[in-house]
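Accompanying notes for the structure given below.
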Amino acid sequence: MADALAAAGTAMFDDVLMAQKLPSDVVQRFNECLISGAPTPEEDQKVIADAMFAWARELGAVDFAHWFFPLRGGGGAVGGMLGAFKRDTLIDLDFKSAYVTKPMKACLPHERLFQGETDGSSFPNGGLRVTHSAAAFTTWDRSSPPFVMDKCLYIPCAFVTHFGKCIDEKTPLLRSMDAVKLYGLRLLKALGIGTDAQTMHSYLGWEQEFFVISADHFKARPDLVNCGRTLFGTLPTRHQQGDLNYFQPIPGKVQELLDTVQAEMLKIGCPMAVKHNEVAPGQHEMSPVFRTANVSCDSNVCFMEVMNREAAKLGLQVLFHEKPFAGINGSGKHANWSVGTDTGFNFFYPGKTEDGAKLYVTAIACLAYGLAQYNEMVRCTVAHAGNDHRLGAQEAPPAIISLYPGQGFEAFVESICAGGDLLGYKAEKKKQETGCSAAMHIEANVEDRNRTAPFPFCGNRFEFRAVGSSQNCCLPIMVCNAVMSAGMAHLAGLVEGGMSHRDAVAQVFKENKHVIFTGNGYSAEWPVEAAKRGLPNLNTTPKAVANWNTEKNKQLFDTLKIYTAEETEARQEVMYENYISCLCCEVETMVQMTEKGILPACAQDLDRFKGMDKLAGSRKTTYEAIADQLEKLKAVYLAKPTALADEATYLCDKVKPEMVALRAAVDKAEAMMDSRVFLGVGAEMGPHWG
Ligand code: ADP
Ligand code: MG
């Protein structure tokens, strides 16, 4: 790996490269503008574009592309929620030349680096752009460095309409990062802690789970190709019993894929930190070193793109869907998130100083406020068809959003509420003996892990565990930032109004501690207890999405300048549309596979048993049950209503059960069918075993 490490960051135009390639005053102004939000002066734009152009050419770039994340919905996609771009040439005509046939020249005009224009109506936009008023613009997210990949200079961008309305995932995230800055600094000022901070950042480190299977197997399955998950198929007799696959050696070909992708990601400035086998066969995970939230969201999308590309070269297929195979674990994307100052104050690190300790307690109070007051909003960010197979299914957190700050901390909250001091929480690591002389004692973390919680504390960050594997992280992290900002504004307001710091924290905990839960989130008792506490259990996407555009949510987004009311509405429309198109595609694929493959296979199989009723056993009735259930599914599907919310609810409540029944009927048949026949129709083949 020596070469790969040596190439670290060489294909990314980051701060280090800027310092090398640009005059220091240009760099300084550029960074000042990032903090103030002011436009980069035009003269500086020219200098930056020229330097970036020269650098990109050295790396062999022939094109450039504004790269952005259209509102393509929640998740459940085969290859993940990928970015959008159109490659533009770095060649232009020299119109200043005296020649009539204007000579060509390679260049990157500054206005093309900073802004692009395209058609916004062909991307999902929730009604914010229609065919007859379609213009939309890409504009460089100056806080995310461009990079060169595949001979193309990628410029990470925000995507907004002619009127500046966001129709992408990135813009609201960037706005939420501004909110964290505004309200975080306000809170620090109110508390008189860390007041030398100039700005605040939010950070993300994602843990990406995925399956890798053979590309040939993938292509033989219309359900995988169309929907990213198997719609039929019994469990193989060996699957994930005993969790033997977890952390096992990575199969050779997959190892080659992961190594290649790691090296590629490193070049473009994303150091992958971890790669390992996951619990289910064919399932793996990779995660990078955390970065500022927008840069990390960018690199996650890039990761999915690079994985797809490199897998294809090796005859492999990556499945980013949340639940590719029924009966074995699905995939998530834990989003490790924190907020902190430019001076190094991490709000979620208990710290060694008194100020650090007080800030930590205060920050958790803010987060508890945000999660309690805007519980449904947080739930919506992980609501989509793919995740409905996962959340609450004993392998992912429940659909109930709660906060796990640790059991010790929970007790400490009680002491604060009872009048105790803010400094009582002991954040020291705990020494535990191993009981043998060869292996030294361990330093256990302050708090144990809780993998059943949607929001567990992880030592210096919170881990939002409910995010789906195929999702873009922007929306969940945007909402983490939003609810945190709401909490920081609220608490700052109390202190500014004259309340003591201690009393303000105590009051916020008193009013919101019902969101804190440190028990077993997978237990049957928790939903009952959650209901008593008034915490919603929105266990399907349509139920969650119906709660997105409440007055309370619209008001918060508007106050924080993250979404206008219109943008909030648009986002809901996209969530519904995405859910509906996903479900419809699944139903139609199921119907086609049954009619064109499964029923003919049943007929063929029965034919072999002609005149041998005893040997045929229950085959006839089992196979006929498929035909009956298929007709039932078709009839129910045909009767679906058309209004968005009604359609989504109907698909969820009425159609999905019929899909489950059809799968059960087919899977029963598969288990008794001549293997030469069922392999012919491409039934469950199990993931790639290495
Ligand atoms: P786990 O042990 O939970 O599986 P991993 O090591 O796989 O954790 O991933 C943890 C992720 O959290 C990494 O991407 C890591 O860089 C990130 N991370 C660490 N500290 C922070 C922080 N303060 N803020 C955000 N992310 C962080
Ligand atoms: Mg992990």
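Please read these numbers as outputs of a predicted model, since none were measured by experiment. Indexing begins at 1, ligand by ligand and atom by atom, following the structure's order.
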Next on the checklist: V274 versus ligand 1: do any nitrogen or oxygen atoms come within less than 3.5 Å of each other?
Outcome noted: no
Next on the checklist: Could you check whether F464 and W206 have their ring centres less than 6.0 Å apart?
Outcome noted: no
For residues 373-382, run the donor-acceptor check on the side chains, cut-off 3.5 Å, and write out each pair with its distance to 0.1 Å, sequence neighbours left out.
residue: Q373; atom: NE2; partner: N512; partner atom: OD1; Å: 2.8
residue: N375; atom: ND2; partner: L371; partner atom: O; Å: 3.1
residue: N375; atom: ND2; partner: I401; partner atom: O; Å: 2.9
residue: R379; atom: NE; partner: L538; partner atom: O; Å: 2.7
residue: R379; atom: NH2; partner: L538; partner atom: O; Å: 2.9
residue: T381; atom: OG1; partner: V378; partner atom: O; Å: 2.7

Checklist entry - Between K323 and D388, is there a salt bridge with N-O shorter than 4.0 Å? => result no
Item to check | Numbered atoms of ligand 1 (with element) below 4.0 Å of E463, judged on heavy atoms | outcome: 3 (O)
Item to check | ligand 1-proximal atoms of E285, by part, heavy-atom distance under 4.0 Å | outcome: side chain
Item to check | Sub-4.0 Å atoms of ligand 1 with respect to non-hydrogen atoms of G205 | outcome: 14 (O), 26 (N)
Checklist entry - Can you check whether F13 and Y154 have ring centres sitting under 6.0 Å from each other? => result no
Item to check | Carboxylate-amine/guanidinium contact R571 E169, below 4.0 Å | outcome: yes
Next on the checklist: Closer than 4.0 angstrom, basic N to acidic O: yes or no for R309 and E264?
Outcome noted: yes
Item to check | Ligand-residue contact atoms, ligand 1 with N346, heavy atoms, under 4.0 Å | outcome: 23 (N)
Checklist entry - With a 4.0 Å heavy-atom cut-off (strictly under), which part of R449 contacts ligand 1: side chain, backbone, both or neither? => result side chain
Item to check | Nearest-option assignment for atom 14 (O) of ligand 1, heavy atoms, candidates P288, A273, S287 | outcome: P288
Checklist outcome for this item: Closest to atom 22 (C) of ligand 1 (heavy atoms only, candidates C458, S338, S296) is S338
Next on the checklist: With heavy-atom distances below 4.0 Å as the criterion, list the atoms of ligand 1 near V289.
Outcome noted: 16 (O)
Next on the checklist: Less than 6.0 angstrom separating the ring centers of F409 and Y425, yes or no?
Outcome noted: yes
Checklist entry - Is W337 close to ligand 1, meaning an N/O of one under 3.5 Å from an N/O of the other? => result no
